[in-house]
Amino acid sequence: AQSVTQLGSHVSVSEGALVLLRCNYSSSVPPYLFWYVQYPNQGLQLLLKYTSAATLVKGINGFEAEFKKSETSFHLTKPSAHMSDAAEYFCAVSEMPGGSEKLVFGKGTKLTVNP
Amino acid sequence: GAGVSQSPRYKVAKRGQDVALRCDPISGHVSLFWYQQALGQGPEFLTYFQNEAQLDKSGLPSDRFFAERPEGSVSTLKIQRTQQEDSAVYLCASSPQGMRTDTQYFGPGTRLTVL
């Protein structure tokens with residue numbers, strides 16, 4: 001079964017600084033990977049997804065992620081943090097074909113942006 | 001724009017009561033998922049429907065949990081004889097075609113508190 005590990009349950013950056021949120025996955029088949037953002041008392045919103053096309057994926061709000069098979073990683077980055085980026089971020093992997101298309105999520109990383 | 005809606009948004013139940021949580025997916029979406037999100041954790045899969053067929057219920061924690069989608073649109077998650085450990089946010093998501101590459105669109109969730 002697939003699994004996802006997000007290193008760092010809390011990340012704090014200054015406004016304008018680089019954002020780096022780490023995600024490593026475990027999968028015995030080529031994975032499909034997703035990053036979602038969750039604002040307080042809201043559902044999850046897709047930031048970007050990797051579905052075996054380009055390894056560098058660009059998403060909404062200036063975020064991007066790079067799929068690195070050799071490192072089994074899919075880290076999320078943004079060059080310059082904005083106050084509105086403060087939220088919780090979840091990395092997820094899609095379950096194997098043949099089963100349901102359920103997502104397996106990491107435990108999340110809470111991003112704080114300091115003025 | 002009609003996204004995924006869930007009702008009620010908040011539910012307080014006394015231990016032992018039955019509860020029913022409703023999900024209205026995006027119109028025309030084939031797949032519907034239920035996830036459970038405990039405090040400070042990532043969402044965990046409960047069950048999955050493709051149209052009216054429940055194809056995967058491997059994540060349901062006990063036989064007290066039951067889900068249905070009788071006409072392939074609205075879904076209800078029912079929890080019988082609620083326990084304190086059932087306290088969580090219950091998220092519903094829908095996707096267009098039931099493919100691994102699909103984006104899952106999430107509702108705002110129902111926060112269940114069992115006293």
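As the structure is a prediction and not an experimental result, all values here were calculated from the model. As a basis for the values below, the full set of heavy atoms in this structure was taken, side chains included, without hydrogen atoms, waters or symmetry mates. Letters A, B, ... are given to chains in the order of the sequence lines, protein chains preceding strands, and every chain is numbered from 1.
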Legend entry - Any donor-acceptor pair under 3.5 Å from B:Arg15 side chain to B:Val114 backbone: no

Legend entry - Which portion of B:Gln37 sits near chain A, non-hydrogen atoms under 4.5 angstrom: side chain

Inset, instruction - Sort out for me which residue in B:Tyr35, B:Tyr90, B:Trp34, B:Phe33 forms a ring pair (Phe, Tyr, Trp, His ring centres under 6.0 Å) with B:Phe106. - result: B:Tyr35

Inset, instruction - Count the heavy-atom pairs under 4.5 Å between each of B:Gln104, B:Gln50, B:Gln41, B:Glu44 and chain A, then report the option with the highest count. - result: B:Gln104

Legend entry - Check: B:Ser31 main-chain N/O paired with B:His29 side-chain donor or acceptor under 3.5 Å: no

Inset, instruction - Would you give the length of the straight line joining atom CD of A:Gln6 to atom NE2 of A:His75, rounded to the nearest 0.5 angstrom? - result: 11.0 Å

Legend entry - Region of B:Tyr10 that comes under 4.5 Å of a non-hydrogen atom in chain A: side chain

Inset, instruction - Write down the atom of B:Lys11, the atom of B:Pro8, and the distance for their closest heavy-atom approach. - result: CB-CG, 4.1 Å

Inset, instruction - Sort A:Leu44 into side chain, backbone, both or neither according to what part of it lies under 4.5 angstrom from a heavy atom of chain B. - result: both

Inset, instruction - Assess whether atom CG of B:Leu39 is packed by more than 12 heavy atoms of other residues, nucleotides or ligands within 6.0 Å. - result: no

Inset, instruction - Might you point out which heavy atoms bring B:Ala20 and B:Lys78 nearest each other, and give the distance in Å? - result: CB-CG, 4.2 Å

Inset, instruction - For B:Arg64, look at atom CZ and say whether over 12 heavy atoms of other residues, nucleotides or ligands are found less than 6.0 Å away. - result: yes

Legend entry - Proximity breakdown for B:Ser58 and chain A, heavy-atom pairs closer than 4.5 Å: side chain

Legend entry - Non-hydrogen atoms of B:Asp63 and B:Gln80 that approach each other most closely: O-OE1, 4.3 Å

Inset, instruction - On the 0 to 90° scale, with breaks at 30° and 60°, tag the A:Phe67-A:Tyr50 ring pair as parallel, tilted or perpendicular. - result: parallel

Inset, instruction - Spell out the residues in residues 106-115 of chain A that have some non-hydrogen atom less than 4.5 Å away from a non-hydrogen atom of chain B, in order of number; otherwise answer 'none'. - result: A:Gly106, A:Lys107

Inset, instruction - Sort by residue number and list every member of residues 32-39 of chain A having a non-hydrogen atom under 4.5 Å from chain B. - result: A:Tyr32, A:Phe34, A:Tyr36, A:Gln38

Legend entry - Basic-acidic side-chain contact under 4.0 Å: B:Asp56, A:Lys102: yes

Inset, instruction - Identify the two heavy atoms, one from A:Pro79 and one from A:Gly62, that lie closest to each other, and give their separation to 0.1 Å. - result: CD-O, 3.9 Å

Legend entry - Residue selection (most heavy-atom pairs with chain A, distance under 4.5 Å) from B:Cys92, B:Ala93, B:Gly42: B:Gly42

